[in-house]
Amino acid sequence: MDEKKLTPKAENYSEWYNQLVQRAELADYAPVRGCMVVRPYGWSLWENIQAILDQRFKATGHVNAAFPLFIPLSFMEKEKEHVEGFSPELAVVTIGGGTELEEPLVVRPTSETIIGHMYAKWIQSYRDLPVLINQWANVVRWEMRTRLFLRTLEFYWQEGHTAHATAEEAEAETLQMLNIYADFAYNEAAVPVIPGRKSETEKFAGAVRSYTIEAMMGDKKALQAGTSHNLGQNFAKAFDIQYLDENNTLQYCWTTSWGLSTRFIGAIIMTHGDDQGLVLPPRLAPIQVVIVPIFRKDEEKTQVMAVVERFKSELSTFRIKVDDRTEVTPGFKFNEWELRGVPLRLEIGPKDVANNTVALARRDIPGREGKSFVSQEDIAGTVGAMLETIQANMLANATQCRDENIHQPEDYEAFKEIIAADGWCYVWWKPNDENEARIKEDTKATLRCIPREQPGGTGKCIFSGEEATEKAYFARAY
RNA sequence: CGGGGUGUAGCGCAGACGGCUAGCGCGCCGCGUUUGGGACGCGGAGGUCGGCGGUUCAAGUCCGCCCACCCCGACCA
């Protein structure tokens with residue numbers, strides 16, 4: 001067994017994922033079961049995700065704030081579905097400073113309740129609306145089975161919470177944020193997600209309607225990569241979030257919440273990663289370009305490093321790293337930066353100095369085919385264009401892979417075969433909780449989403465055969 | 001929480017039927033030679049063998065209990 005190589009995806013996908021996350025230094029296991037340490041490289045990736053989303057939230061009128069980690073247990077119990085959904089996975093603090101607390105505190109699994117409580121204080125009039133707040137925070141959910149980034153007891157995310165005067169406004173907000181997530185996934189992460197609505201059984205505990213962006217991982221399992229919920233007046237009624245309208249009538253607000261977490265890093269890994277390791281989309285990569293100088297003698301070193309220095313200043317608008325370590329060979333560095341998913345690598349050696357060239361190796365195309373020699377002239381232009389090409393190619397590859405694995409079976413037998421072979425099914429569906437549960441029992445597949453884009457017309461429900469007006473995606477999921 | 005597996009150096013592992021100073025590869029430190037796809041030589045450092053208890057002249061090794069982690073299921077962003 002070659003310890004230098006990752007376990008191939010085809011051999012053991014979970015093992016491939018676990019090794020990759022740790023060896024690329026994205027995250028490590030914490031001394032507490034189910035918890036992770038996000039290492040600097042992984043956190044840097046998260047910071048890039050944060051920066052882009054944060055900018056888009058602000059561009060749509062949202063502001064950031066910070067709410068407490070601890071929530072009175074009684075708050076969680078005020079909204080019936082919410083407490084039913086979350087009580088099994090709450091971490092509860094009962095002792096503080098050595099004495100038993102009068103009321104236990106839950107470590108927030110999400111912040112609808114405590115934010116709802118505050119909104120009730122802050123909102124008096126229709127003039128106070130809408131309230132558009134986001135927070136970047138950590139939350140805790142006591143999960144049974146955990147995996148780095150995908151499901152840990154504690155994870156990092158943003159949660160937006162808004163309050164509106166009308167149902168229409170709340171729905172528009174919910175969809176606006178879903179669109180931001182989908183656009184982010186496509187255009188920044190090169191993850192071709194399918195935006196859609198969750199079924200009754202899959203929706204958020206306490207929501208009227210939940211929307212999701214669903215992504216297909218390399219093993220064809222679905223991953224919910226972001227969610228946006230229309231909470232209707234459920235939380236407004238539970239927490240008395242009321243306002244006086246223009247006619248001096250007391251009204252309940254309409255609220256929403258939406259979140260995207262560090263799980264998205266898992267989505268990036270499993271959408272783009274290959275047997276060499278991580279493949280990061282240029283727009284999000286902590287390091288976009290790594291420069292590997294190659295030389296033997298001091299004289300060569302001087303010449304090579306002169307070019308490297310020039311590149312450093314010419315490429316200053318990119319996130320670059322010069323790997324000038326002398327204790328490892330260039331070959332070692334190539335493998336290491338490929339493992340860590342750097343989109344583009346420049347190799348500069350004596351031959352390049354002589355020829356006024358540089359070797360350009362793109363991560364999205366492994367091996368020799370991804371390597372070319374280009375002129376040193378206008379290196380910034382060349383690099384910029386190549387990074388865009390890589391970004392586009394990654395999205396195209398992921399989209400192709402996704403579409404190749406989505407099938408449209410005509411009957412339930414074919415449906416079961418496709419699910420058994422790890423495919424996704426796109427089928428006519430007449431909403432029915434019991435039938436959905438039966439499909440899950442039969443096949444382990446769940447209704448991932450009812451996509452926003454619909455073909456129109458009607459068809460026969462894949463399970464019941466009844467006339468259905470919508471199509472839905474079914475797949476096994478993380 | 002059910003089923004399976006694993007705990008020996010930072011990582012990966014080996015240590016019949018108990019036996020004396022616990023070993024190997026990678027990594028790490030030093031010196032030298034190297035450097036265009038995971039370099040090599042020489043010399044080093046590094047361990048309460050997951051924990052507790054038991055059996056024994058003697059326990060990584062046998063027995064019991066506990067703990068942790070991983071994988072596969074049921075629940076979830």
Side-chain angles (χ1 to χ4, degrees), chain A residues 1-7 12-15 17-19 22-23 28-35 85-90 109-110 139-159 181 198 201-205 210 212-215 222-229 257-267 276-277 292-297 300-301 304 323-339 345-355 357-359 361 366-368 370-371 373 440-441 444 446 476-478:
Chain A
M1 218 181 25
D2 193 346
E3 288 164 8
K4 287 172 182 166
K5 286 209 160 58
L6 286 172
T7 297
N12 184 339
Y13 198 81
S14 304
E15 193 59 30
Y17 178 85
N18 289 338
Q19 287 180 5
Q22 289 177 86
R23 289 171 57 171
D28 203 351
Y29 292 102
V32 179
R33 176 193 83 85
C35 291
F86 279 105
S87 59
E89 45 188 276
L90 292 181
T110 178
V139 287
V140 169
R141 298 179 186 180
W142 216 263
E143 303 289 351
M144 307 231 178
R145 198 169 150 209
T146 59
R147 301 199 58 192
L148 294 173
F149 289 120
L150 300 177
R151 183 171 300 105
T152 46
L153 298 197
E154 181 189 19
F155 61 90
Y156 303 86
W157 74 347
Q158 57 67 216
E159 46 178 326
Y181 289 153
K198 281 291 183 191
T201 50
E202 294 281 329
K203 74 180 188 196
F204 177 76
S210 285
T212 175
I213 50 172
E214 292 289 320
L223 185 77
Q224 179 171 314
T227 46
S228 186
H229 313 291
S257 68
W258 27 276
L260 184 145
S261 75
T262 40
R263 170 184 262 195
F264 201 92
I265 292 176
Q276 298 303 311
V292 179
I294 300 160
F295 51 79
R296 303 173 199 224
K297 311 180 180 86
E300 289 173 347
K301 178 178 179 179
V304 165
D323 188 353
D324 55 4
R325 288 175 297 175
T326 52
E327 66 271 22
V328 289
T329 59
F332 181 90
K333 293 175 185 176
F334 300 165
N335 284 284
E336 182 168 278
W337 293 115
E338 280 168 13
L339 172 68
R345 181 177 71 241
L346 302 184
E347 307 165 16
I348 305 163
K351 287 178 211 163
D352 298 302
V353 172
N355 301 334
T357 58
V358 57
R368 291 260 178 268
K371 211 155 162 172
F373 289 85
K440 190 176 178 183
E441 255 178 64
K444 292 175 193 157
T446 49
R476 289 181 182 161
Y478 274 95

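Just so we're on the same page: letters track the sequence lines, and every chain starts at 1. For clarity, every value in this text was computed on a predicted model and none was experimentally measured.
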Filtered N/O pairs between nucleotides 29-36 of chain B and protein, under 3.5 Å:
residue : atom : partner : partner atom : Å
B:U35   : OP1  : A:R296  : NH1          : 2.6
B:G36   : O6   : A:G349  : N            : 3.4
B:G36   : O6   : A:G349  : O            : 3.1
B:G36   : O6   : A:P350  : N            : 3.0
B:G36   : O6   : A:K351  : N            : 2.7
B:G36   : O6   : A:D352  : N            : 3.2
B:G36   : O6   : A:D352  : OD2          : 3.4
B:G36   : N1   : A:G349  : N            : 3.4
B:G36   : N1   : A:D352  : OD2          : 2.4
B:G36   : N2   : A:D352  : OD2          : 3.2

*May I have the distance from A:W142 (atom CH2) to B:A74 (atom P), rounded to whole angstrom?*
23 Å

*Check side chain to side chain contact (heavy atoms under 4.5 Å, CB included) between A:T446 and all other residues, then give those that pass, not counting sequence neighbours.*
A:E202, A:K440, A:R448, A:A477

*Any residue meeting side chain to side chain contact (heavy atoms under 4.5 Å, CB included) with A:Q19, in chain and number order, not counting sequence neighbours*: A:L6, A:T7, A:E15, A:R23

*For A:V139, all residues meeting side chain to side chain contact (heavy atoms under 4.5 Å, CB included), sequence neighbours excluded*: A:R108, A:F155, A:W157, A:E159

_Base partner of B:A22, which must satisfy Watson-Crick or wobble distances under 3.5 Å_ = none

_Test salt bridge (charged side-chain N to carboxylate O under 4.0 Å, His left out) applied to A:D323 - qualifying residues, sequence neighbours left out_ = A:R325, A:K333

*Using atom CD of A:E15 as one end and atom C1' of B:C71 as the other, report the distance to the nearest whole Å.*
9 Å

_Integer-rounded Å distance: B:C75 P and A:K444 NZ_ = 12 Å

_Partners passing side chain to side chain contact (heavy atoms under 4.5 Å, CB included) against A:T201 (at least two apart in sequence or in another chain)_ = A:S199, A:D433, A:E436

_Syn if the chi torsion is within 90° of 0, anti otherwise; quick check, which is B:C70?_
anti

*Can you check the A:R23 CZ to B:C26 C1' distance for me, whole Å?*
11 Å

*Would you mind reading off the distance between A:K5 atom NZ and B:G25 atom P, rounded to a whole angstrom?*
21 Å

*Value in whole Å for how far the C1' atom of B:G12 lies from CG of A:N18*: 16 Å

*First locate atom CZ of A:F86, then atom CZ of A:R141, and finally report the distance between them rounded to the nearest 0.5 Å.*
4.0 Å

*Calculate the interatomic distance between A:E327 atom CD and B:G38 atom C1'; express it in whole Å.*
14 Å

*Pairwise side-chain contact, A:K301 with A:R296, heavy-atom cut-off 4.5 Å (strictly under)*: no

*Check the chi torsion on B:G60 and let me know: syn if it falls within 90° of 0, anti if not.*
syn

*Give a yes or no on whether a donor-acceptor pair under 3.5 Å exists between the nucleobase atoms of B:G38, that is its base, and the side chain of A:E336.*
no

*asked:* Output the rounded distance in Å from CZ (A:R345) to C1' (B:G37).
replied: 8 Å

